[in-house]
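Some notes on the structure that comes next.
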Amino acid sequence: MPIQDECFYVRNMACTFLRRSDGCLVISGREALELRRADAAIVAELIRLASVPLSGSELRRGASKLENGPAVLEALAKAGCLTEGRTLDALEAKSSPRLKARGQPPLGNVVFGLTGAVASAYMLPSIARLQPFARRIDVVVTRAARPFVAPAAFEAHGIQVWGSASARRGEVRVPHIELADTADLVVVCPASAHAIARLAQGACSDLVSLVVTATRAPVIVVPSMNEAMWDHPAVQRNVARIVADGVHVVEPHRGLEVAWLARGEPPRLGFGTQGLLDGAMLATLTAVAAGKPRTREVSRE
Ligand SMILES: Cc1cc2nc3c(=O)[nH]c(=O)nc-3n(C[C@H](O)[C@H](O)[C@H](O)COP(=O)(O)O)c2cc1C
């Protein structure tokens with residue numbers, strides 16, 4: 001599809017550009033495109049130009065300043081290296097959440113609860129990607145989550161990690177009340193079976209269950225565990241309990257079962273947070289924070 005002057009474009013983050021001694025290899029979901037050496041520098045310029053959303057006419061103008069720029073631009077568009085939207089909003093909705101959100105951040109203050117499910121080890125990139133859309137993000141961890149979470153890495157992103165109900169910092173004297181009171185949304189992701197049991201009891205025996213019990217904000221729980229654990233009647237009882245209490249529980253999605261990898265056995269699918277981490281996180285959090293979607297009867301006709 002040729003570049004349209006009135007549409008908007010941004011670099012498709014799913015494309016990789018490999019600069020090599022003999023040229024440039026563009027790897028997109030659709031194809032691998034080889035460009036000659038002279039065009040490698042043009043690709044670099046165009047990709048830098050398209051790292052922020054631009055109209056088709058602005059993009060063409062930029063390309064026309066480079067020798068062979070227009071032809072390389074069309075080749076990149078044809079290979080699927082640019083995401084297109086009829087309006088800026090449509091483009092933002094389609095493209096990576098790395099694009100800066102405009103206006104008020106839709107998520108407000110978000111508190112993430114990380115538990116002793118191994119998926120806690122993969123949470124930093126997913127949480128950091130939400131930063132442009134939240135006013136503030138805090139992370140609370142259970143004792144069992146600590147081996148899977150590197151606080152320094154979160155703190156390097158400006159995200160504070162809280163591990164103890166008695167840890168005072170600056171103005172914050174009672175962390176669970178401060179975090180619970182100021183939260184617009186609490187997300188327990190990943191939620192271990194043990195953490196779900198404590199939430200079902202209102203146990204308040206650790207910082208995650210304390211914040212969940214003390215907040216008036218909506219709560220999302222994203223279970224992550226072995227499939228047999230998920231099927232256990234005790235776990236299902238606890239899940240039903242928290243749903244009845246008003247918690248939003250995300251249905252587990254199939255992902256890699258870590259215990260099988262550790263045993264040196266062929267990869268197997270287990271139950272976890274994968275679907276959410278792979279891209280649906282922002283949409284899910286935004287819908288719940290906005291109080292949507294409302295329950296709707298499905299027609300039984
Ligand atoms: C390597 C490892 C991985 C684990 N992964 C999970 C998991 O994915 N889901 C789960 O429910 N429990 C998992 N557990 C067990 C929890 O860590 C254990 O039940 C713990 O008590 C959970 O504590 P928390 O809910 O207070 O964080 C795992 C344990 C280990 C040692």
Side-chain angles (χ1 to χ4, degrees), residues 110-127 137-151 153-154 159-167 175-176 179-180 183 186-215 219-243 245 247-278 280-281 284:
V110 185
V111 177
F112 268 90
L114 272 54
T115 71
V118 67
S120 282
Y122 314 132
M123 288 304 296
L124 175 58
S126 299
I127 293 178
I137 299 181
D138 285 278
V139 165
V140 296
V141 293
T142 63
R143 184 179 289 274
R146 284 186 204 163
F148 302 133
V149 176
F154 278 91
I159 299 170
Q160 290 209 47
V161 178
W162 304 83
S164 155
S166 54
H176 65 283
L179 292 168
V186 177
V187 188
V188 184
C189 179
S192 68
H194 191 186
I196 294 172
R198 291 195 306 275
L199 299 186
Q201 289 168 353
C204 298
S205 52
D206 64 294
L207 204 47
V208 172
S209 66
L210 270 168
V211 170
V212 168
T213 313
T215 193
V219 177
I220 302 177
V221 163
V222 189
S224 180
M225 66 197 73
N226 163 279
E227 191 167 2
M229 286 170 76
W230 173 250
D231 285 336
H232 195 282
V235 173
Q236 288 303 317
R237 243 187 343 263
N238 291 331
V239 170
R241 179 72 258 165
I242 61 172
V243 169
D245 289 345
V247 169
H248 300 73
V249 175
V250 173
E251 291 300 332
H253 194 286
R254 290 200 172 266
L256 268 188
E257 170 80 60
V258 173
W260 284 78
L261 293 179
R263 291 206 315 229
E265 304 206 13
R268 238 199 192 207
L269 291 178
F271 256 37
T273 52
Q274 209 60 45
L276 200 63
L277 300 191
D278 280 353
M281 179 78 93
T284 307

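In listed order, ligands and their atoms are each counted from 1. Since we're looking at a predicted model, the values are computed, not measured.
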task: Could you tell me which atoms of ligand 1, counted from 1 in the order shown, lie closer than 4.0 angstrom to a heavy atom of Thr115?
output: 27 (O)

message: I'd like to check whether Ser192 has a polar contact with ligand 1, where a contact means an N/O of the residue lying under 3.5 Å from an N/O of the ligand.
response: yes

- prompt: In the protein, which heavy atom is nearest to atom 6 (C) of ligand 1, and how far is it?
  reply: Ala117 CA, 3.5 Å

task: Keeping the roles fixed (side chain from Asp206, backbone from Val208), state whether a donor-acceptor pair exists under 3.5 Å.
output: yes

query: Nearest heavy-atom pair of Cys189 and Leu114: which atoms, and what distance?
result: O-CD1, 3.5 Å

- request: Quickly, which of Val212, Val111, Val140 forms a side-chain contact (heavy atoms from CB on, under 4.5 Å) with Leu207? Name it, please.
  value: Val140

- request: Identify the protein heavy atom lying closest to atom 29 (C) of ligand 1, giving its residue, its atom name and the separation to 0.1 Å.
  value: Gly116 O, 4.1 Å

message: If you scan the protein for heavy atoms around atom 31 (C) of ligand 1, do you find one that is closer than 4.0 Å?
response: no

task: Could you tell me whether the side chain of Val249 reaches within less than 4.5 Å of the side chain of Pro223, counting heavy atoms only?
output: yes

statement: Note: ligand 1 atoms sitting under 4.0 Å from heavy atoms of Ser224 are 7 (C), 8 (O), 9 (N), 10 (C), 11 (O)

statement: Among non-hydrogen protein atoms, atom 11 (O) of ligand 1 lies closest to Ala193 N, 2.8 Å

Residue and atom name of the nearest protein heavy atom (relative to atom 5 (N) of ligand 1), distance in Å to one decimal: Val118 N, 3.3 Å

- prompt: Got a donor-acceptor contact below 3.5 angstrom from the Thr115 side chain to the Ser192 backbone?
  reply: yes

task: Apply the test side chain to side chain contact (heavy atoms under 4.5 Å, CB included) to residues Trp230 and Val239: give CA-CA distance (whole Å), side-chain angles for both, the deciding distance (0.1 Å), then the verdict.
output: CA-CA 9 Å; Trp230 173 250; Val239 170; 3.7 Å; yes

- prompt: Side chain, backbone, both or neither: which part of Thr142 comes within less than 4.0 Å of ligand 1 when only heavy atoms are counted?
  reply: side chain

- request: List every atom of ligand 1 that sits less than 4.0 Å from any heavy atom of Met229, numbering the atoms from 1 in the order shown and giving each element.
  value: 10 (C), 11 (O)

query: Is the shortest N/O to N/O distance between Ala119 and ligand 1 below 3.5 Å?
result: no

- request: With the side chain counted from C-beta on, respond yes when Ile127 and Phe154 share a heavy-atom pair under 4.5 Å apart, and no when they do not.
  value: yes

field: Heavy-atom closest pair, residues Arg198 and Ser205
entry: CD-OG, 3.3 Å

Sub-4.5 Å side-chain heavy-atom contact between Val141 and Ser120: no

Heavy atom of the protein closest to atom 23 (O) of ligand 1 (residue, atom name, distance): Ala144 CB, 3.3 Å

query: Between Ser209 and Ala203, what is the shortest heavy-atom contact and its length?
result: OG-C, 4.2 Å

- prompt: Which residue and non-hydrogen atom of the protein lie closest to atom 19 (O) of ligand 1, and at what distance in Å?
  reply: His194 CB, 3.9 Å

statement: Note: ligand 1 atoms sitting under 4.0 Å from heavy atoms of Arg198 are 24 (P), 25 (O), 26 (O)

message: Distance under 4.0 Å to a non-hydrogen atom of Ala195: what atoms of ligand 1 satisfy this?
response: 25 (O)

- prompt: In the protein, which heavy atom is nearest to atom 2 (C) of ligand 1, and how far is it?
  reply: Phe148 CZ, 3.7 Å

